[in-house]
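A quick note: this is a predicted structure, and the numbers were derived from the prediction, not measured. These values consider heavy atoms only, across backbone and side chains, with no hydrogens, waters or symmetry-generated copies.
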Amino acid sequence: MFSSPVKEIMDKRKLLLAEPTMTVGRRRSHGQTRRRRGGGGRGSKLVGIFTERDIVFRVVARGLDSTTTTLAEVMTRDPKTIAPDKTYGVAMLLMHENKFRHLPVVENDVPIGIVSSRSALDPELEEFVFEERPSQALAGNAVGLLFRRG
């Protein structure tokens with residue numbers, strides 16, 4: 001598994017594209033977010049990443065109002081990325097050394113997927129973990145990749 005290319009392991013379904021100016025509490029409203037099986041489109045640039053841990057530690061723990069806090073205020077700016085032809089072992093090392101769990105997969109400056117530390121889990125084992133810890137099921141849902149147009 002660790003010698004497999006990231007493109008064979010990445011998850012395209014976890015991409016949730018959003019504008020940094022939208023608020024945390026307004027996900028999927030007014031067409032500001034969309035699930036895609038590829039990048040943000042022409043003129044889009046990856047400017048940040050926002051995950052379930054950001055909701056917990058950067059919004060809830062700080063007592064911020066999710067209806068007024070923009071993603072730009074709480075996202076991780078300029079996230080590290082990995083090319084799809086790099087190995088999953090390289091991705092895991094990068095995540096471990098930098099202490100994060102999600103890594104955007106980028107090809108020609110366009111995000112095409114996401115790889116996470118959970119990607120190493122067998123799908124059946126991952127399902128078992130979610131059944132045992134349902135409160136952590138959010139972790140398997142979507143990862144927000146934030147774009148700025150032009």
Go through the steps for Val74 and Val59 under the test side chain to side chain contact (heavy atoms under 4.5 Å, CB included), then give the verdict.
CA-CA 7 Å; Val74 290; Val59 179; 4.1 Å; yes
Can you list the steps and then say if Val24 with Leu71 is a side chain to side chain contact (heavy atoms under 4.5 Å, CB included)?
CA-CA 6 Å; Val24 174; Leu71 292 170; 3.9 Å; yes
Residues Val60, Ile55; criterion side chain to side chain contact (heavy atoms under 4.5 Å, CB included); working and verdict
CA-CA 6 Å; Val60 176; Ile55 293 169; 4.3 Å; yes
Can you give me the closest heavy-atom contact between [X] and [Y], atom names plus distance?
| X | Y | answer |
| --- | --- | --- |
| Ala91 | Val6 | CB-CG2, 4.1 Å |
| Gly48 | Leu46 | O-CD1, 3.4 Å |
| Val105 | Ala83 | CG1-C, 4.2 Å |

What's the separation between atom [atom1] in [X] and atom [atom2] in [Y], rounded to the nearest 0.5 Å?
| X | Y | atom1 | atom2 | answer |
| --- | --- | --- | --- | --- |
| Leu64 | Thr23 | CG | OG1 | 12.0 Å |
| Phe50 | Glu73 | CZ | CD | 10.5 Å |
| Lys86 | Thr81 | NZ | OG1 | 11.0 Å |
| Ile9 | Lys7 | CD1 | NZ | 11.5 Å |
| Leu93 | Asn98 | CG | CG | 9.0 Å |
| Thr51 | Phe100 | OG1 | CZ | 11.0 Å |

Apply the test side chain to side chain contact (heavy atoms under 4.5 Å, CB included) to residues Ile49 and Ile114: give CA-CA distance (whole Å), side-chain angles for both, the deciding distance (0.1 Å), then the verdict.
CA-CA 11 Å; Ile49 185 170; Ile114 193 92; 4.0 Å; yes
Side chains of Thr69 and Arg58, donor plus acceptor under 3.5 Å:
no
Linking I/L/V/M/F/W/Y whenever any side-chain heavy atoms sit under 4.5 Å apart, do Phe2 and Ile82 land together?
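Same hydrophobic cluster.
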Identified side chain to side chain contact (heavy atoms under 4.5 Å, CB included) counterpart of Ser116 within the set Met92, Met10, His102:
His102
